K.L.:
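The structure follows.
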Amino acid sequence: MREYLLTLCITAAVTYLLTGPVRKFAIVAGAMPEIRARDVHREPTPRLGGIAMFFGLCAGLLVADHLTNLSEVFETSNEPRALLSGAAVIWLIGVLDDKFEIDALIKLGGQMIAAGVMVVQGLTILWIPLPGVGTVALTQWQSTLLTVALVVITINAVNFVDGLDGLAAGMVCIAAAAFFMYAYRIWYGYNIEAAAPATLFAVILMGMCLGFLPHNMHPARIFMGDSGSMLIGLVLAAGAISVTGQVDPDLMNLFSGSERNSVHQMVPVYIPLVMPLTIIAIPAADLILAIVRRTWRGQSPFAADRGHLHHRLLEIGHSHSRAVLIMYFFSALIAFGALAYSVNAASMWIVLSVVILSAAGLVLLLLPRFTPRAPRWAEHFVPPRYRRRKAVVAEGEPQVAADGGGDADDSGVSSESGEPGEGTTGDRVPVAAGVSGVNGATAVGPRSRTR
């Protein structure tokens, strides 16, 4: 476990330290497109954050290759090299898209090529366990098609959910944490070496996301772009493919005892079929709804719009940060609920806990404008957004009540709904020359806030 922790820290540190220089490079390179109608941010923000994440991936694999126990993964399996090759292909395509906005079909073809590169080097699904049937071996064509499909679906699901500051990185980090616990249990609990690559992929993916999140939380100073979202989607899919199609269920010796006990004990075998779906459950649901919505309107499935789940959370009144936290909550609920069920499928408290937490999440959804306020004596120990702030009266402007109509931030936008607050106009105030704006897009010189 100490070697995993070291790999996690090195990956996160490299990603975090490189994100700042990458941001400056993205600004100089012009990878800072104009704001589109579907965008939530209010001024141009540099992309190409995936560059730092890719080098974090390389650093994590390099460190793991030189550690005593983790180096065995590279000696006994070619999957880490297959992951690095596929990640390099998808990363290059993402970098080109962040800079030049390449066509969606070209990106889809690049995703298939990246998946094919991994398949050629051995990272593929060899068999699948089916309830009531047992382990079903796949032919070469079946294995290739299933692997490519899973990679493409996961990449696009993560890419679709990358619409709010910190959303995609946080959700994937939560999913990777749950997946690491599952794969680690398969490796050490059942002593199956074939689960070691998936465990390593999960811990490196956690490091990539944790290192990038401080720069990407609202208000984001840099976006990961397609170079980052497609990269973490591919790493997530690689871990799911490795533990699903490489681990032989017969090695777990679960077919002993009565039929009922065997069914309960076989849950960890069937969970690999469900775990990848639970990890991307919310992104996949968003992807399916988007395809149905756009097709119903006669649009292309790849046409952009503002109908995603995170957009709807903003429309019903949630603030940017709260919408992200709600998505985090449900992602963790689904992923860790499936993980707990795989550990003990016969326990009723797991189902009850999931039901209770789901009800709590629904209550949060029904209270979009509720803002907790700390008592006076605790105001110095909480973030400013939870304090009872006094009104700031500008010269020549009427005074606004301190607690009335929601809290308006310095830009004249309500911190709760993202709409213009009371006592302000809908126009944004220009930023003085040399002063950085909300997302730090003015770091390279005088720039007024985009209207």
Side-chain angles (χ1 to χ4, degrees), residues 73 76-90 93 105 107-160 175 179 182-183 186-187 190 192-202 230-231 233-252 254-255 263 266-281 283-285 287-288 291 301 338 342:
V73 178
T76 59
S77 174
N78 196 45
E79 293 183 14
R81 300 175 184 85
L83 171 65
L84 184 59
S85 302
V89 173
I90 202 68
I93 296 172
L105 292 179
K107 288 195 295 183
L108 181 61
Q111 295 167 7
M112 293 182 178
I113 293 175
V117 168
M118 294 194 301
V119 170
V120 169
Q121 299 188 59
L123 185 54
T124 181
I125 299 177
L126 301 178
W127 50 70
I128 55 175
L130 295 179
V133 178
T135 303
V136 178
L138 301 177
T139 64
Q140 183 177 359
W141 280 106
Q142 292 173 338
S143 173
T144 301
L145 291 176
L146 185 59
T147 302
V148 171
L150 182 58
V151 171
V152 172
I153 291 174
T154 306
I155 289 176
N156 285 281
V158 175
N159 193 20
F160 266 59
F179 200 83
Y182 171 78
I186 295 296
W187 184 10
Y190 294 97
I192 299 178
E193 294 292 334
T199 311
L200 177 61
F201 297 166
M230 293 197 299
L231 176 63
L234 181 133
V235 178
L236 183 61
I241 291 170
S242 177
V243 77
T244 302
Q246 300 287 336
V247 176
D248 189 357
D250 295 334
L251 297 177
M252 297 185 184
L254 300 175
F255 301 97
V263 171
M266 278 295 292
V267 171
V269 180
Y270 299 140
I271 283 296
L273 298 176
V274 182
M275 182 64 78
L277 300 179
T278 61
I279 288 175
I280 62 171
L287 173 64
I288 295 174
I291 293 175
S342 70

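This one's a predicted model, so the numbers in the text were calculated from it and none came from an experiment.
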K.L.:
Tell me the closest heavy-atom pair linking Ala114 and Gly86, and the distance in Å.
P.N.:
CB-O, 3.6 Å
K.L.:
Ser242 side chain to Ala238 main-chain N or O, any donor-acceptor pair under 3.5 Å?
P.N.:
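Answer holds: no.
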K.L.:
Is any side-chain heavy atom of Leu83 closer than 4.5 Å to one of Glu79?
P.N.:
no
K.L.:
On a heavy-atom basis, which atom in Leu123 and which in Ala82 lie closest, and how many Å separate them?
P.N.:
CB-CB, 3.9 Å
K.L.:
What distance separates Gln142 CD from Ile125 CD1, expressed to the nearest 0.5 Å?
P.N.:
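Answer for the CD-CD1 pair, Gln142 versus Ile125, is 11.5 Å.
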K.L.:
Hey, could you give me the CG/OG1 distance between Leu138 and Thr144, rounded to the nearest 0.5 Å?
P.N.:
10.0 Å
K.L.:
Please name the pair of heavy atoms, one in Val243 and one in Phe179, separated by the smallest distance, quoted to 0.1 Å.
P.N.:
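In this case the closest contact between Val243 and Phe179 is CG1-CZ, 3.2 Å.
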K.L.:
Enter the distance from Met118:CE to Asn78:CG here, rounded to the nearest 0.5 Å.
P.N.:
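It is 12.5 Å, given to the nearest 0.5 Å.
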K.L.:
Distance check, rounded to the nearest 0.5 Å: Lys107 atom NZ versus Asn156 atom CG?
P.N.:
8.0 Å
K.L.:
State the CG-CH2 distance between Leu146 and Trp141, to the nearest 0.5 angstrom.
P.N.:
14.5 Å
K.L.:
Taking all heavy atoms of Thr154 and all of Gly233, pick out the closest pair and write down the distance.
P.N.:
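Nearest pair, atom of Thr154 first, then Gly233: CG2-O, 3.4 Å.
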K.L.:
If you apply the rule side chain to side chain contact (heavy atoms under 4.5 Å, CB included), what do you find for Gln111 with Val151, and how did you get there?
P.N.:
CA-CA 8 Å; Gln111 295 167 7; Val151 171; 5.8 Å; no
K.L.:
Once you round to the nearest 0.5 Å, how far does OG1 of Thr124 lie from CD1 of Ile241?
P.N.:
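Atom-to-atom, Thr124:OG1 and Ile241:CD1 are 7.0 Å apart.
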K.L.:
Work out which heavy atom in Ala198 is nearest to a heavy atom in Gly239; give both atom names and the distance.
P.N.:
CB-O, 3.6 Å
K.L.:
Write down the atom of Ile93, the atom of Gly110, and the distance for their closest heavy-atom approach.
P.N.:
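What the structure gives for the nearest pair is CD1-CA, 3.1 Å.
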